[in-house]
Amino acid sequence: MEHKKVRVRFAPSPTGGLHLGGMRTVLFNYLYARQHKGDFVLRIEDTDQTRYVAGAEEYILECLRWCGLEADEGPHAGGPYGPYRQSERKDMYRQYAEQLVKDGYAYYAFDTPEELDAMRARLKTDDNPSPQYNHIVRPHMRNSLRLLPEETAQLLAAGTPHVIRIKMPASEEVAFTDMIRGEVQFNTGTVDDKVLLKADGMPTYHLAVVVDDYLMKISHVFRGEEWLPSAPVHILLWRYLGWEEQMPQWAHLPLILRPDGNGKLSKRDGDRLGFPVYAMNWNDPRSGEFTKGFREMGYLPEAFINMLAMLGWNDGTGQELFTLDELVEKFSVSRVHHAGARFNIEKANWFNHQYLVKADNRRLAQLLMPLLQEKGVQASEEYVANIAGMVKERCNLVNEIWDHSFFFFQQPETYDTAAVKPKWNADKRQFFLEWGSVLETLSDFSLAGIEDSFKQLATSMNMKVGELQLPLRIMLCGGKFGPPVFNIAEMLGKHETIARIMKAVPVFDA
RNA sequence: GCCGCGUUGGUCAAGGGGUUAAGACGCAUCCCUUUCACGGAUGAAUCACGGGUUCGAUUCCCGUACGCGGUACCA
C-alpha cells in the first residue's frame, strides 16, 4: 500500500462556474500528484441528469488549462481507466449495488418521493428538524428489509421504481485517519441510509465515488471539508465491497469562507462585494446570468494559483511567493491549516501586483490588446509593451494598466486645471511656449535630451524646475498621475508632446 | 435538534509549556518623489471563555461558548 502509485483525481460536477474552492482543490491534487510523480485524473461527476449544464465541462477544462493544471487523464485526454464521465459509466454501477444487496449491506427501497415527504413531515419535530431514513425508521418503510421476499420479488418483477440504499449499522464506530485532521470517528447510528442507486438507474455520488476511485486506482482523495460527514458511508462501502485494502487515503481540505459574516464563500458574495469568485467568466445558459471571473478581471494565473495555495497552506518560513514548481516541491499535507480561511480580495490583489510587476511586458501587451480594441485604440504591441512596463508597478490588475496609461493613446480632453491655475502666470506660459520651439529643433529627443533642455531653459529663465513639472504633467496627461513626466514626453514623441503643450496653454490661460 | 470539524491582531497566519507571541495583507504616520505608485522607517492591533495538570499555560486535558459543515433519489 505504501508503494502504491500516487493517483489523485479532481471530480467536479458540471453544473456551473468553477469557483475558488474548486480551483484550490484542483491545485492541491495537482501538487500532490506532481510531487509524488503520480497521475492526476479529471473525472466528470454528472450523475444528476437534472442538473446538467451545457458547456460546463468545457469550461472546467479551460479553467485548468488557464492555470496550467491540466489533468493527465480525463474526458479530454483519455486514459487507461476511461470513460471519465460517470454518465458514460452508468452500466458499471448497478452490479455493485446489487452485490451489496446480496451481501446484506444494502436493500431495495420502493418508497415514492411522496412517501418520503410524508415520513419526514410525520417525524419532524423541533428536536428533530430533519428526520433521516435510518435504522430506526427503515422498519416502517416500503423496502426489502421489511417486505416479504416474495413481495420484493414481485415489485421488482413488475418494474416498480426503486432505489438501493446502504444499510447503516445501528451502532458501530467507523474511524479513519485523515491526512489533514488526524483521527476522525463517527458512529454509524447517526448516519442515514444513503441512496446508492437512484430510481433512474444512475448511482448517487456516494456509490459512484467509491466504485470509480476503486476502478481508477485512486490512492489519495483531496476534497472539501463538506464531504467529511459522508466519509463513514464511503469507508463502509469500501469495506462492504471488499476493497478496504485498496482504499485511498483521505484529506479533507478546509473551506474557503466569505470575507464578511459567516458561511462558505459563494458566487453571490462576489456579486455583492464586487470581486470574482469564479476562475473565469461564466455565462449560465439556463438563467442567462453572466458572472465575471478572475481571468477576465485581469488576474494572472500564476498569481491566482499562488494566492490559492496560501489560502490554507504555508511552508512555515514566511515565504509567500512561490512558483508552481516551488509549490510542487514544497507542498505538504501536514502543513495544511485545519480551519477554514476567509477570502480576502485585497490580498489577492497584492499577489497579482507582485506577479504583474515581474511579468514580461510583451505578454502584458498581448493580454491588453482585447481591452484596447474595446476602447477603439490602435497601437503596436511594442508600444503597448513599453507603456505597460512603465505603469505596471502602480497597478494590481492587468486591466488597470489602461486606467494608468490611457493618455498615451489619446490626448487629454479635460485638464485638472485646479492643480495648475493658482500658480499659472505669464512667465510659465512664456516658458512652455519657448520650450516648445526648443523641442522643435531638438535633434536628440531622448529622455536625457528632453530633460536637459527643460532644465537648461528653466535655469536660463530663472525659474524653478520643480514648479514647471506639474504643469507639464497636466499638459501631457490631463491630471496628476502617470509615470515620470519626461518619460511620458519621450514615449509620446516630439510632435505629440509639442502638440499637447500648445493645446493646453490656452486652456490654462482661460 | 443530532453528528462532525474548527477557534492566535480586521484578514491570511508562524509558533507550541518559560518568547518583547514571527511574518504578510490592510490601516495610520513619516521619509523618498513637486503626480501617483514603488521602496524605506515607525506605529496601532491577537492567543474565545471557564476549570484543571504544572513551579509555570497561548501551547496539554476537560467543559462551555461561538463559528462552520453535514443531516436530499445534489454533488
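To find a chain, count down the sequence lines: A is the first, B the second, and so on, and within it residues start at 1.
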Minimum-distance nucleotide (side-chain atoms of A:His338 versus B:G6, B:U35, B:C73): B:G6
List in chain and number order the residues that pass side-chain hydrogen bond (donor to acceptor under 3.5 Å, both in side chains) with A:Asp315, two or more places apart in sequence or in another chain; answer none if no residue qualifies. A:Thr317
Can you give me the N/O atom pairs linking the protein to nucleotides 12-16 of chain B at distances under 3.5 Å, or say none if there are none?
| unit_1 | atom_1 | unit_2 | atom_2 | d |
| --- | --- | --- | --- | --- |
| B:C12 | OP1 | A:Arg342 | N | 2.9 |
| B:C12 | O2' | A:Met310 | O | 3.4 |
| B:A13 | OP1 | A:Gly312 | N | 3.1 |
| B:A13 | O3' | A:Asn314 | ND2 | 3.0 |
| B:A14 | OP1 | A:Asn314 | ND2 | 2.9 |
| B:A14 | OP2 | A:His337 | NE2 | 3.1 |
| B:A14 | O3' | A:Arg335 | NH2 | 3.3 |
| B:G15 | OP1 | A:Arg335 | NH1 | 3.1 |
| B:G15 | OP1 | A:Arg335 | NH2 | 3.4 |

Are OP1 or OP2 of B:U34 and a side-chain N or O of A:Lys423 less than 4.0 angstrom apart? no
Qualifying residues under ring pair (Phe, Tyr, Trp, His ring centres under 6.0 Å), relative to A:Phe351, sequence neighbours excluded: none
Can you sort out which residues in residues 8-19 of chain A have a heavy atom within less than 4.0 Å of RNA chain B? Ascending by number, please. A:Ser13
In a table with atom names and distances, give each donor-acceptor pair under 3.5 Å that connects a side chain of residues 480-490 of chain A to protein atoms at least two apart or in another chain.
| unit_1 | atom_1 | unit_2 | atom_2 | d |
| --- | --- | --- | --- | --- |
| A:Glu490 | OE2 | A:Leu447 | N | 3.4 |

Are OP1 or OP2 of B:C38 and a side-chain N or O of A:Lys358 less than 4.0 angstrom apart? no
Set of ring pair (Phe, Tyr, Trp, His ring centres under 6.0 Å) partners for A:Tyr108, sequence neighbours left out: A:His162
Kindly write out the residues that satisfy side-chain hydrogen bond (donor to acceptor under 3.5 Å, both in side chains) with A:Glu225, not counting sequence neighbours, or none if the list is empty. none
The nucleotide from B:U34, B:C74, B:C5 with an atom nearest the side chain of A:Leu470 is B:U34
A:Leu228 side chain: which of B:U34, B:A37, B:C5 is closest? B:C5
Among residues 175-191 of chain A, which residues get a heavy atom nearer than 4.0 Å to RNA chain B? A:Arg181, A:Val184, A:Gln185, A:Phe186, A:Thr190
Salt bridge or not between A:Arg272 and A:Asp269? Use side-chain N to carboxylate O under 4.0 Å. yes
Do any of residues 120-127 of chain A sit with a heavy atom less than 4.0 Å from RNA chain B, and if so which? A:Arg120, A:Asp126, A:Asp127
Can you work out whether A:Arg473 or A:Thr47 has the more 5'-proximal nearest nucleotide on RNA chain B? A:Arg473
Start with the C-alpha distance between A:Asp200 and A:Lys198, add both sets of side-chain angles, then the distance that settles salt bridge (Lys or Arg N to Asp or Glu O under 4.0 Å), and finish with yes or no. CA-CA 5 Å; A:Asp200 65 1; A:Lys198 301 187 255 190; 5.2 Å; no
What string of B, S and - do you get for nucleotides 40-48 of chain B, 5' to 3', if B is base contact, S is sugar-phosphate-only contact and - is no contact with any protein heavy atom under 4.0 Å? ---------
Output the single nucleotide from B:G26, B:U71, B:G1 whose closest atom is nearest the side chain of A:Pro129. B:G1
Among B:C68, B:C73, B:G26, which nucleotide sits nearest the side chain of A:Trp350? B:G26
Sub-3.5 Å pairs of nitrogen or oxygen atoms, protein against nucleotides 60-62 of chain B:
none

Assess whether salt bridge (Lys or Arg N to Asp or Glu O under 4.0 Å) is satisfied between A:Lys167 and A:Asp193, documenting all intermediate values. CA-CA 6 Å; A:Lys167 183 181 164 191; A:Asp193 289 353; over 6 Å; no
Base-paired stems that RNA chain B participates in, counting runs of 3 or more Watson-Crick or G-U pairs under 3.5 Å: B:1-7 with B:65-71, B:10-12 with B:23-25, B:27-31 with B:39-43, B:48-52 with B:60-64
